[in-house]
Amino acid sequence: MTSLLTNTSAMTALQTLTQTNKNLAQSQNRIATGQRVSTASDNAAYWSIATTMRSDNKALGAVQDALGLGAATIDTMYTGLNGTVEVVSEIKAKLVAARTPGVDRDKIQSEIKELQSQLKNTADSAVFNGENWISVDSTASSYNDTKSVVSSFSRAGGQVQVDTVTVDLNAIKLYDANLDTAYAAQTFPTATTAARDPLLDVGGNITVTVGAAPALNIAVAAGTSLKDIAKEINKLGIEGLSVGINAAGDALAFKSRNDANVAIDASVAGLGAAVTLTALATPVDSNKGILDKTYDAYTGTAWETFSVADIDISKLTDNATDLAKLETYISAVDDALGTITDAATNLGAIKNRIGLQQDFVKALKDSLDRGIGQLVDADMNAESTRLQALQTQQQLGIQALSIANSGSQSILSLFRG
């Protein structure tokens, strides 16, 4: 039926053209933006996921920057630590040379003093972005003995988590401007000596017990020198316990600044009755660094303190007491060298870990980019082909609508005479 009031063909052609125009606009938008999901109305679920992933990717970019800054800081501190190893080794060599009888220890001390200055300069110069982790002042209000480097950002179950790589400054610092007042103000127990009884010197075990910890045993043969015994006890590495030899050379001298009772039983080895060094009422923990840490040396009649940073051998002579003190200095420098080596090893491991994490974060960001792309990116080959098809459909739709509209004109010819 042909009607003047209802042009069904034109309505159909118009609906088809309208839909074609909508599809054409959508295709043009995808080509312009490169995305098939650019707004929530395109696909609410995919748009929400992609938006969250983009935000997380930006957070990972911040992690990348933090890792770069942390890596540079740690590399600077590692360089500073590594730079002190050779200098401390040289100080140790100078002290060993000073053990030679008749050597001019005053001149050797002048060399040691310059090396000590070099150590301080090296530590003070290890600064990056205003940070120095190996020459510190633990009394500063802003001081924190744990440094953290942001290493990762993750999201699981809707919960975000930021992980860090931590560096314990107490394990790597070389100097601390802290005056160590707790140590200076503490009164230590009087040095206790254990006299040697030649008649009972049959050898045996020396046991050292700290608090409730299991006893540590040292086996000694009959006639073992007190000097060797003192070395063996010191080698146990008990924090706060020092052993020396008195001026007469016939007794061991013990000193403890431990926070637990230290019992030393050398009676089996013929060194006299067991002694117990009473724990300090207030624990004395040095806050100093590796190079200005306090060590104890026995002068033969009294105890004195020193550090690698202030060793002075200029007034030492060839008497037994001074030589024993010199060997204590050598032992302390060797201990500091071992601690620096451990610190550098620890920092080097952290440095390598951060390098691996940097590579991982970069790969993770690329992976997230690919994941976002799979959700929202448009297939440009398909869209360009679709665009051409829709443009053709648009042209045909316009022609169809034109034909449908002209159909009503043909009705007039029926009424012409």
Side-chain angles (χ1 to χ4, degrees), residues 70-95 109 111-149 165-184 237 239-240 242 257 284-297 305-313 328-352 354:
T73 304
I74 289 175
D75 186 58
T76 301
M77 304 311 144
Y78 175 81
T79 301
L81 275 176
N82 197 45
T84 63
V85 172
E86 187 60 34
V87 181
V88 175
S89 297
E90 190 65 24
I91 291 177
K92 178 181 171 182
K94 298 297 181 186
L95 292 175
Q109 177 58 36
E111 294 180 282
I112 291 175
K113 184 178 180 181
E114 292 303 319
L115 292 172
Q116 289 168 330
S117 297
Q118 178 60 31
L119 287 174
K120 191 68 169 69
N121 290 339
T122 298
D124 290 345
S125 299
V127 180
F128 184 86
N129 192 33
E131 294 277 318
N132 190 329
W133 297 353
I134 61 176
S135 183
V136 304
D137 182 0
S138 60
T139 61
S141 59
S142 59
Y143 178 76
N144 187 340
D145 60 6
T146 300
K147 296 295 184 180
S148 300
V149 177
V165 175
T166 59
V167 180
D168 181 9
L169 298 197
N170 290 325
I172 67 168
K173 65 181 180 181
L174 299 177
Y175 293 92
D176 191 336
N178 186 336
L179 295 177
D180 221 5
T181 53
Y183 180 88
E239 183 67 28
S242 300
R257 48 187 174 90
V284 179
D285 296 320
S286 174
N287 292 317
K288 303 299 274 184
I290 298 171
L291 296 178
D292 56 3
K293 170 185 174 182
T294 301
Y295 290 91
D296 298 309
T305 58
F306 71 95
S307 70
V308 175
D310 62 15
I311 284 176
D312 188 347
I313 65 170
T328 301
Y329 290 166
I330 294 172
S331 177
V333 172
D334 186 63
D335 176 71
L337 181 60
T339 306
I340 291 173
T341 302
D342 291 342
T345 300
N346 180 42
L347 211 55
I350 294 175
K351 177 182 174 184
N352 289 338
I354 287 180

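Treat the numbers as computed from the prediction; the structure is a model and nothing was measured.
Across all non-hydrogen atoms, the minimal contact from Ile290 to Ala171 is CD1-O, 4.2 Å. Closest approach of Gly80 to Ala126, counting heavy atoms only: CA-CB, 4.3 Å. Of all heavy-atom pairs between Thr328 and Asp296, the closest is CG2-O, 3.5 Å.
For Lys173 and Tyr175, the positive end is not near the middle of the six-membered ring at less than 6.0 Å and at most 45° from its axis.
Distance check, rounded to the nearest 0.5 Å: CD1 of Ile134 to CG of Leu291 gives 9.0 Å. Between atom CG of residue Asn170 and atom CG of residue Asp176 there is a gap of 8.0 Å, rounded to the nearest 0.5 Å. Separating the NZ atom in Lys288 from the NZ atom in Lys293 is a distance of 13.5 Å, to the nearest 0.5 Å. Taking CD of Gln109 as the reference point, atom CG of Leu115 lies at 10.0 Å (rounded to 0.5 Å). Annotation: the span from Asp335 atom CG to Tyr295 atom OH amounts to 3.5 Å, rounded to 0.5 Å. With rounding to the nearest 0.5 Å, the separation of OG in Ser142 from CG in Asp137 is 8.5 Å.
In this structure, the side chains of Gln118 and Thr122 come closer than 4.5 Å at one or more pairs of heavy atoms. Put simply, the side chain of Ile112 reaches to within 4.5 Å of the side chain of Leu95, judged on heavy atoms. For the pair Leu174 and Val136, the minimum side-chain heavy-atom distance is 4.5 Å or more. Put simply, the side chain of Val167 reaches to within 4.5 Å of the side chain of Ile350, judged on heavy atoms. You'll find the side chain of Phe306 stays beyond 4.5 Å of the side chain of Thr294, heavy atoms only.
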- Pair Asn132-Ser135, side chain to side chain donor-acceptor pair (under 3.5 Å): steps then yes or no: CA-CA 6 Å; Asn132 190 329; Ser135 183; 4.8 Å; no

- Query: Given the rule in the side-chain contact (heavy atoms from CB on, under 4.5 Å) test, do Val165 and Ile74 qualify, once you have shown the distances and angles that lead to the verdict?
  - Reply: CA-CA 11 Å; Val165 175; Ile74 289 175; 5.6 Å; no

- Check step by step if side-chain contact (heavy atoms from CB on, under 4.5 Å) holds for Glu131 and Lys147. CA-CA 10 Å; Glu131 294 277 318; Lys147 296 295 184 180; 3.4 Å; yes

- Task: Begin with the C-alpha distance, continue with both residues' side-chain angles, and end with the deciding distance and a verdict on side-chain contact (heavy atoms from CB on, under 4.5 Å) for Asn129 and Thr76.
- Result: CA-CA 10 Å; Asn129 192 33; Thr76 301; over 6 Å; no

- Message: Pair Leu347, Met77 - check side-chain contact (heavy atoms from CB on, under 4.5 Å), show working.
- Response: CA-CA 8 Å; Leu347 211 55; Met77 304 311 144; 3.7 Å; yes

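With sequence neighbours excluded, the residues that form a salt bridge (Lys or Arg N to Asp or Glu O under 4.0 Å) with Asp75 are Lys351.
Judged by distance alone, the side chains of Ser307 and Asp310 do bring a donor and an acceptor atom under 3.5 Å apart.
Listed for the Gln116 side chain is a donor-acceptor partner under 3.5 Å among the backbone atoms of Ile311. Although no hydrogens or angles enter the test, the distance criterion places a donor-acceptor pair under 3.5 Å between the side chain of Asp292 and the main chain of Gly289.
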